[in-house]
Amino acid sequence: MATTDRITGKDLYVSFAGVVLSGDFTSVSFNSEGDLADVTAGADTAHYYVPLERTDGEVTVESFYAGTATWQGVAVNTAGTLIIAPKGTASGNPKFTCARAIVKSREMSVPFDDGVTMSVTFQQSAAMADGTY
């Protein structure tokens, strides 16, 4: 198995609506799923699904708290373009872009004796396009 395409998260770049969320990341995860229509007939013994042309997905960014401006930039229900570059922004590196994402939820954790973290979940409202810088 070739190892040349393996990367680590140290160069990860994420921005939302012009606000750069890059910094000390804990994790970034994103998923896509297809919509299915259940067309099971009454006599069928198992469900029968038909794929639709729609997809859905979410992206969750977890990181150390990055300041007031960043926190305000990810206010709930804010819509904007979400860019994820797992290998950084150098020419030729992979780039995932959701032209319209909405901040679905955000959370801040302030533990007694540890680093303050934030978690933001984005709802994709457009397809995630993959390309390169």
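What's counted below: heavy atoms across the whole structure, side chains too, no hydrogens, waters or symmetry copies.
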(request) Look at the aromatic rings of Phe122 and Phe16 and report parallel, tilted or perpendicular, splitting at 30° and 60°. (result)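 Because their plane-to-plane angle lies in the 30° to 60° range, the rings of Phe122 and Phe16 count as tilted.
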Non-hydrogen atoms of [X] and [Y] that approach each other most closely:
X      : Y      : answer
Tyr65  : Met108 : CE1-CE, 3.5 Å
Ser125 : Cys98  : N-SG, 4.2 Å
Gly80  : Ala17  : CA-CB, 4.1 Å
Pro86  : Ile7   : CB-CD1, 3.6 Å
Pro111 : Val116 : CD-CA, 4.3 Å

When you group the ILVMFWY residues by side-chain heavy-atom contacts below 4.5 Å and let the links chain together, are [Y] and [X] in the same group?
X     : Y      : result
Val28 : Leu21  : yes
Leu52 : Tyr48  : no
Val19 : Val120 : yes
Phe96 : Val74  : yes
Val14 : Ile83  : no

(request) Apply side-chain contact (heavy atoms from CB on, under 4.5 Å) to Glu58 and Lys104, showing your working. (result) CA-CA 9 Å; Glu58 288 185 348; Lys104 182 177 180 180; 2.5 Å; yes
Kindly compute the distance separating [atom1] ([X]) from [atom2] ([Y]), expressed to the nearest 0.5 Å.
X      : Y      : atom1 : atom2 : value
Phe30  : Gln124 : CZ    : CD    : 8.5 Å
Asp56  : Asp35  : CG    : CG    : 6.0 Å
Asn77  : Gln123 : CG    : CD    : 11.5 Å
Asp11  : Lys87  : CG    : NZ    : 9.0 Å
Glu107 : Ser119 : CD    : OG    : 6.0 Å
Phe64  : Ser109 : CZ    : OG    : 10.5 Å

(message) Can you see whether Thr60 engages Thr121 through a side-chain donor-acceptor pair at a distance of less than 3.5 angstrom?
(response)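 Present: a donor and an acceptor within the cut-off.
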Would you say [X]'s side chain and [Y]'s backbone share a donor-acceptor pair under 3.5 angstrom?
X      : Y      : result
Asn93  : Tyr133 : no
Asp44  : Ala41  : yes
Thr78  : Val103 : no
Arg100 : Ala79  : no

(request) Could you check Trp71 against Arg106 for side-chain contact (heavy atoms from CB on, under 4.5 Å), going step by step and ending with a plain yes or no? (result) CA-CA 9 Å; Trp71 183 249; Arg106 67 180 184 171; 3.4 Å; yes
(request) Test Leu82 against Thr97 for side-chain contact (heavy atoms from CB on, under 4.5 Å), laying out the working first. (result) CA-CA 6 Å; Leu82 179 65; Thr97 304; over 6 Å; no
